[in-house]
Each structure stands twice: as C-alpha cells, then as structure tokens.
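Report on the structure given below.
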Amino acid sequence: MMTRSKSTRDLKPYFQTLEDLEGPFDWTAFFGNDHPVVLDVGAGRGLFLFNSSGASPDKNFLGMEIDYREGRRAATRLLKADRPNARVLGGDARIAFDKFIPESSISEVHVYFPDPWWKKRHHKRRIFTDVFVERITRALKNGGELHFWTDVEEYFERVTALMDHAPQFTKREAPEEKLPEHDMDFQTSFERKKRKEGWIIHRGLWVLSK
Ligand SMILES: C[S@@+](CC[C@H](N)C(=O)[O-])C[C@H]1O[C@@H](n2cnc3c(N)ncnc32)[C@H](O)[C@@H]1O
C-alpha cells in the first residue's frame with residue numbers, strides 16, 4: 001500500500017482541495033453521472049475508496065482527508081487504477097459538510113477509525129460529536145446509511161449513545177465479519193493494522209428515516 005504520491009496538479013480530478021472548489025457541489029457535474037454518492041470521512045490512505053470503488057462501479061465515492069499528503073497518496077492509487085468513480089477531497093470534512101455537501105444528497109457516510117483524541121479534555125476535537133450527527137442527518141438522503149468502525153471501545157460507546165439519541169436513525173446489524181482473502185482485503189488500512197495487532201473492531205451501522 002506504500003505509494004509515492006504525485007503533486008496536486010498532476011492528480012486532478014482525483015485529488016482536489018476545498019480551496020480549489022466552490023460549494024455547494026453539483027454531484028452530477030462533479031462525477032459526470034447521477035449515481036449514489038458515498039462519503040469516506042478521514043479517508044487516510046484510501047484503501048476503502050480503492051476496494052469499494054472497484055467493487056461498486058455504480059456508486060460514486062468521495063474521500064475527505066485533512067492531511068493532503070495522505071489524500072494525495074490515496075488519489076494516486078485511484079488514478080493508477082483508473083477509478084473515475086472515486087475522488088479525494090483535501091480539507092476539513094466538517095467544513096465540507098457545512099459548505100459543500102447539499103442537503104439530502106448522500107447515500108452513505110463511512111467513518112473508519114477516526115482519531116481517538118485519547119485525553120478527556122481533547123474529546124471535543126473528535127470528528128464524531130453531536131454536531132457531526134446534525135451534519136450527517138442533513139447530508140444523508142432518506143434511507144441513507146452511517147457506517148462507523150473503531151477499535152476504541154469508549155469512542156464506540158459514545159457514538160452509540162449519540163446515535164441512540166438521534167430519533168431519525170435506526171440501528172441495524174453490521175455486516176457479518178469475514179476472514180480476509182488477501183493481504184489488502186480489509187475495510188481500511190487501520191482495520192488491517194488493528195486486526196494484525198489483535199484488537200477487537202467495533203462496527204456500527206445506522207439507517208436514516210426522513
Ligand atoms: C486514524 S486515521 C484513519 C484513516 C482511515 N479511515 C483508516 O481507517 O485507515 C484518521 C484520519 O482522519 C483524518 N482526519 C482527521 N480529522 C479530519 C477532518 N476534520 N477532516 C478530514 N479528515 C480528517 C486524519 O488525517 C487521518 O488520515
């Protein structure tokens with residue numbers, strides 16, 4: 001998964017930054033079709049974008065990544081694999097939700113292994129807060145899905161409590177766990193790392209009714 005990333009200019013349209021774009025997005029213009037849009041918040045090295053854009057060519061995938069180096073690395077993989085249905089957006093996902101994502105336009109939001117900000121006084125820096133629940137409630141369509149995975153049990157319990165208090169969301173069974181068929185057969189790079197270290201992965205799926 002180690003990929004040398006190209007420059008932002010060479011990666012267009014696979015990697016674009018919030019500064020380069022004007023909101024709100026017109027998804028049909030952005031992806032060139034009207035397929036369902038799936039967001040990956042904190043996409044990291046882009047393994048989810050890479051695997052799922054190949055498995056589901058009938059969906060569009062947008063990874064949001066605040067670390068441009070990681071984002072460019074993810075986008076380089078997508079460019080090399082010729083995946084026009086997957087893109088990476090460099091920037092703060094919170095700003096993207098507030099200024100760029102049209103209301104009720106998203107089919108799935110995926111949040112995998114967000115930074116845990118371990119110290120209690122830093123919990124407010126976590127991406128998944130009560131405000132984030134408002135953001136995804138606004139962005140998702142009726143029937144839209146939230147997928148949240150983490151190895152941090154306390155963070156999972158906190159997110160579960162937030163979602164339990166979000167009346168429009170219903171908890172569903174997470175997809176059945178399966179053994180990887182090859183070394184890159186994981187949801188994300190962090191899942192791969194954490195599974196190899198023996199951690200339990202907490203997985204949640206909620207569906208929105210509007
Ligand atoms: C622990 S990594 C997990 C990466 C990936 N989801 C995975 O499972 O391999 C968390 C990622 O979230 C990104 N991130 C943190 N805050 C963010 C924000 N506000 N907007 C977008 N990305 C963010 C970090 O740069 C980092 O790449």
Side-chain angles (χ1 to χ4, degrees), residues 1-3 5 8 11 14-21 23 25 37-54 61-78 86-101 106 108-119 122-136 138-139 145-156 158-159 162 174-175 177 180 183-205:
M1 188 68 186
M2 289 305 287
T3 311
S5 67
T8 300
L11 281 167
Y14 285 93
F15 181 78
Q16 295 174 82
T17 68
L18 286 178
E19 300 93 75
D20 298 336
L21 294 162
F25 284 126
V37 177
V38 177
L39 301 179
D40 179 12
V41 179
R45 297 185 176 187
L47 185 59
F48 170 75
L49 296 173
F50 179 78
N51 285 342
S52 44
S53 62
F61 294 85
L62 181 68
M64 299 158 157
E65 179 48 63
I66 204 166
D67 178 338
Y68 286 11
R69 198 158 163 258
E70 288 287 77
R72 281 197 300 264
R73 190 182 285 186
T76 301
R77 284 184 66 84
L78 300 171
R87 303 279 163 79
V88 181
L89 181 64
D92 188 330
R94 294 166 292 194
I95 295 173
F97 271 99
D98 293 346
K99 301 209 171 123
F100 288 76
I101 312 287
I106 301 299
E108 300 167 30
V109 173
H110 296 247
V111 187
Y112 294 121
F113 303 88
D115 296 323
W117 291 104
W118 293 104
K119 290 183 183 156
H122 291 157
H123 282 186
K124 56 182 177 294
R125 298 185 191 173
R126 288 176 170 177
I127 191 102
F128 211 117
T129 60
D130 50 351
V131 178
F132 188 77
V133 177
E134 287 168 17
R135 289 183 169 119
I136 58 173
R138 187 186 151 278
E145 298 177 356
L146 168 73
H147 300 251
F148 177 80
W149 295 18
T150 180
D151 58 306
V152 182
E153 187 176 10
E154 175 273 323
Y155 199 174
F156 189 76
R158 174 73 188 135
V159 166
L162 285 171
E177 298 226 7
D183 197 39
M184 284 298 159
D185 188 18
F186 291 92
Q187 198 79 339
T188 70
S189 300
F190 255 72
E191 192 210 3
R192 179 171 176 268
K193 174 177 153 60
K194 296 293 176 179
R195 292 256 187 226
K196 288 187 177 199
E197 290 171 0
W199 294 98
I200 292 169
I201 308 300
H202 306 276
R203 303 173 313 134
L205 166 61

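Each ligand, and each atom within it, is numbered from 1 in the order the structure gives.
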With sequence neighbours excluded, tell me which residues meet side chain to side chain contact (heavy atoms under 4.5 Å, CB included) with [X].
X	value
Trp117	Asp115, His122, Arg125, Arg126
Ala86	Ser53, Phe61, Leu78, Arg83
Glu153	Glu157, His202

>> Residues around ligand 1, heavy atom under 4.0 Å from any ligand atom, sorted by chain and number. Can you pull those?
In response: Gly42, Ala43, Gly44, Met64, Glu65, Ile66, Asp67, Gly91, Asp92, Ala93, Arg94, Tyr112, Phe113, Asp115, Ile127, Thr188, Ser189, Phe190

>> Less than 6.0 angstrom separating the ring centers of Phe148 and Tyr155, yes or no?
In response: yes

> Just wondering, more than 12 heavy atoms not from Arg158 lying within 6.0 Å of its CZ?
Replying inline: no

> Is the shortest side-chain N to carboxylate O distance from Asp183 to Lys196 below 4.0 Å?
Replying inline: yes

